[in-house]
Amino acid sequence: MRGLGWAPVHTIGEVLRGTLAGQHVQLRGWLHRNRASGQIAFPQLRDSTGVIQCVARRDSLSPEQFDAIAKLLPESSLRLQGMVRADPRAPGGFEVAVDGIEVVAAVDPARPFPLRGDEGDEFLLDNRHLWLRSTSMTAALKVRAQVFRAIDDFFAQEGYYEVQSPSFVSGACEGGSTLFKVEYGDEEQKEVYLTQSWQLYAEAMVQGLEHIYTVAPSFRAEKSRTRRHLTEFWHCEAEAAWMGNDGIMEVEERLIFHIVDWCLRTVAPELTALGRDLGTLRQVRLPFPRYRYEEAVELAASKGAEISMGEDFTYAVEKILTGDLTVPIFITHFPTAIKPFYHRPDPADPTHVLCNDLLAPSGYGEIVGAGERCVTLEELLARMQKQGIDPAPYEWYLDLRRYGAVPHAGFGMGIDRVVAWICGADHIKNVVPFPRMMRRVYP
RNA sequence: GCCGUCGUAGCUUAGCGGUAGAGCGCUCGGCUGUUAACCGAGUGGUCGCCGGUUCGAAUCCGGUCGACGGCGCCA
């Protein structure tokens with residue numbers, strides 16, 4: 001550049017912070033928008049930290065360089081350098097007066113970048129690989145990254161071991177119709193399934209490590225077409241020995257609080273950019289309200305929901321129950337009949353199980369499902385028999401009860417749903433880079 | 001699986017029985033401070049597919065495929 005070499009590389013975020021005013025910097029990124037007239041051009045440059053307006057004048061560049069920048073199409077990559085200066089006319093308050101550019105890869109005018117942001121859902125999903133560079137997607141993915149980091153930070157602090165469980169599983173553990181079958185190529189084991197939960201494996205590992213967690217994908221073949229379902233979702237699951245339903249609820253709410261607090265401290269600008277009201281999010285405080293199943297049914301009914309005792313909560317009821325809330329709520333002690341076999345019946349009232357669901361506010365749905373597990377072999381077999389489940393494939397699971405099983409509890413949290421709630425997203429797919437849904441596996 | 005809505009240029013869409021229109025994009029030209037820049041010209045569509053009704057179908061009817069949204073179920 002004018003024989004002086006390139007200036008030191010900086011990020012756009014650093015420039016927008018204002019401390020570089022008056023300095024000569026090099027920026028690298030993608031052309032976000034471009035406006036040009038015969039003598040002056042305003043290329044907006046984007047990198048992972050932000051977007052900044054640059055000013056290119058014909059008299060500050062060689063004719064070749066000016067023409068190159070003036071004709072460059074959006075999403076071309078380039079590096080440029082120039083003087084940083086404050087200017088009230090620039091969006092963001094700072095701009096770069098360009099004195100040198102190098103086009104890295106120019107977009108072909110025969111195939112201009114197809115996205116601007118006002119396209120329809122289908123088109124944006126078909127072009128997901130390109131839409132991911134939009135400011136809204138990158139903001140959501142930055143929040144998502146911090147949620148994952150907060151989870152690891154929380155469990156490290158709590159002394160939990162991270163453990164990995166298999167994704168290929170042999171048995172249908174709950175609701176066989178929602179399992180994905182996979183060809184497995186062995187004569188004796190031709191078919192296996194993709195995991196829906198690590199839980200049964202966790203119950204084995206917890207007898208050795210006592211406090212464990214995992215962050216892994218789970219798969220559900222439900223034909224769900226809703227704003228909160230994916231066929232492949234990220235599951236944060238934890239299991240703890242010597243812990244009951246009350247104890248695990250405290251872990252759940254502290255985890256959720258930690259995640260929210262962490263996000264408020266690390267990605268507040270991104271949340272604001274996504275339109276999230278931070279004041280509402282700041283209202284998340286411990287402890288979360290707890291309702292026994294019957295109380296929750298009555299509360300929902302008093303708000304006008306149609307539900308009768310003994311029924312499970314439908315989404316329509318959940319929406320009424322949580323629509324006017326700003327914090328998550330627990331529902332505990334569900335009727336035994338409507339919960340899976342591994343939940344432990346309450347010794348004080350065996351018609352209910354020691355379990356809890358955590359519902360996110362504003363209709364984001366159930367974000368955590370949890371409970372205390374059956375401890376004795378007799379209890380477990382009785383529950384399986386009552387639900388018509390063949391114990392044969394669960395022999396190893398039953399074994400766990402034969403060798404010193406201790407009281408234990410665990411939970412599964414839908415990370416994508418948590419991110420969707422924190423971001424205030426309209427749809428869970430808006431916070432997942434390549435969402436997998438029943439009718440969408442491309443790109 | 002069920003219910004709903006929708007498939008017209010690269011995108012967003014108008015037209016809803018009589019030879020297919022616009023905005024954006026892209027190309028060319030103009031413009032020395034633009035903010036979804038502007039001005040002028042150009043480019044671009046066998047109206048998802050199959051069949052039926054009709055003198056005539058993007059338009060009406062039947063089917064089919066696809067997409068999106070919602071429900072049941074779940075995290």
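Numbered from 1 within each chain, the chains take letters A, B, ... in sequence-line order.
- With distances taken from any side-chain atom of A/Pro112 to the nucleotides B/rG33, B/rC26, B/rC24, the minimum falls on B/rC26.
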* Structure fact -> Protein-proximity profile, nucleotides 1-14 of chain B, B/S/- by nucleotide at the 4.0 Å heavy-atom cutoff, equals B---------SS--
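- Across all strands shown, A/Ser218 has no heavy atoms under 4.0 Å from either base or sugar-phosphate atoms.
- The base of B/rC68 is not paired with the side chain of A/Arg440 by any donor and acceptor separated by under 3.5 Å.
- Between the CE atom of A/Met438 and the C1' atom of B/rC74 there is a distance of 14 Å, given to the nearest Å.
- Both A/Pro109 and A/Ala90 lie near RNA chain B, and the one whose nearest nucleotide falls closer to the 5' end is A/Pro109.
- In terms of position along RNA chain B, the nucleotide closest to A/Phe113 lies nearer the 5' end than the nucleotide closest to the other residue of the pair A/Phe113 and A/Arg89.
- Side-chain contact check for A/Glu237 and A/Thr214: no donor-acceptor pair (N or O, by modelled atom type) lies under 3.5 Å.
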Contacts under 3.5 Å, N or O only, protein and nucleotides 28-32 of chain B:
{"from": "B/rU32", "atom 1": "O2", "to": "A/Arg57", "atom 2": "NH1", "distance (Å)": "3.4"}

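- Side-chain N/O atoms of A/Glu158 and A/His211 include no donor and acceptor closer than 3.5 Å.
- Centroid-to-centroid, the aromatic rings of A/Tyr394 and A/Phe341 come within less than 6.0 Å.
- Figure legend: A/Arg89 and A/Phe42 shown without cation-pi pairing, the cationic atom not lying both under 6.0 angstrom from the six-membered ring centre and within 45 degrees of its axis.
- When the P atom of B/rC74 is taken as reference, atom CG of A/Leu358 falls 17 Å away, rounded to whole Å.
- With hydrogens and angles ignored, the 3.5 Å screen pairs a side-chain donor or acceptor of A/Arg144 with a backbone N or O of A/Val431.
- Across all strands, A/Leu115 comes closer than 4.0 Å to no nucleic acid atom at all (heavy-atom distances).
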* Dot-bracket summary - RNA chain B, pairs being Watson-Crick or G-U whose distances fall under 3.5 Å, with | when paired to another strand -> ((((((((.[[[[.)..(..]]]]((((((.......))))))....[[[[[..)....]]]]])))))))....
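- Aromatic ring orientation, A/Phe330 versus A/Phe288: tilted (interplanar angle from 30° to 60°).
- Screening A/Gln81, A/Arg79, A/His10 for a side chain to side chain donor-acceptor pair (under 3.5 Å) with A/Gln26, the sole residue that qualifies is A/Arg79.
- Note on A/Gln53: a base of the nucleic acid sits closer than 4.0 angstrom, heavy atoms only.
- To the nearest angstrom, C1' of B/rC38 lies 13 Å from CZ of A/Phe42.
- If you check B/rC24, B/rA75, B/rC73 against the side chain of A/Arg220, the one that comes closest is B/rA75.
- Put simply, the residue from A/Val98, A/Thr11, A/Leu80, A/Leu78 that forms a side-chain contact (heavy atoms from CB on, under 4.5 Å) with A/Leu27 is A/Leu80.
- A/Asp126 and A/Tyr442 share no side-chain donor-acceptor pair at under 3.5 Å.
- Whole-Å rounding puts the A/Glu318 CD to B/rG72 C1' distance at 13 Å.
- Relative ring orientation between A/His258 and A/Phe154 is described as tilted, the plane-to-plane angle lying within the 30° to 60° band.
- Under the 3.5 Å distance criterion, with hydrogens and angles disregarded, a donor-acceptor pair is assigned to the side chains of A/Ser308 and A/Glu311.
- In this structure, of B/rC24, B/rC26, B/rA75, it is B/rA75 that holds the atom nearest to the side chain of A/Ile428.
- For A/Glu95, the side chain to side chain donor-acceptor pair (under 3.5 Å) test picks out A/Gln53, A/Arg85, with sequence neighbours left out.
- Using a 4.0 Å heavy-atom criterion, one finds that A/Asp312 contacts the sugar-phosphate atoms exclusively.
- Heavy-atom contacts from other residues, nucleotides or ligands closer than 6.0 Å to CG of A/Asp426 number 12 or fewer.
- Listed by residue number, the members of residues 226-237 of chain A with any heavy atom below 4.0 angstrom from RNA chain B are A/Thr226, A/Arg227, A/Arg228, A/His229, A/Leu230, A/Phe233, A/His235.
- No more than 12 heavy atoms of other residues, nucleotides or ligands shown are found within 6.0 angstrom of CZ on A/Arg149.
- Annotation: proximity of residues 326-338 of chain A to RNA chain B (heavy atom, distance under 4.0 Å) is found for no residue.
- If you take CZ of A/Arg116 and P of B/rC24, they are 9 Å apart, rounded to a whole angstrom.
- Taking 4.0 angstrom as the limit, A/Lys319 places a side-chain polar atom (N or O) nearer than this to OP1 or OP2 of B/rC71.
- With hydrogens and angles ignored, a donor-acceptor pair closer than 3.5 Å exists between the side chain of A/Arg85 and the base of B/rG33.
- Between A/Lys429 and the phosphate of B/rG69, there is a side-chain N or O to OP1/OP2 separation shorter than 4.0 Å.
- Across all strands shown, A/Val418 has no heavy atoms under 4.0 Å from either base or sugar-phosphate atoms.
- Inter-residue side-chain proximity for A/Val169 and A/Leu194 is flagged as unmet; no heavy-atom pair is nearer than 4.5 Å.
- The aromatic rings of A/Tyr293 and A/His352 sit tilted relative to each other, their planes meeting at an angle between 30° and 60°.
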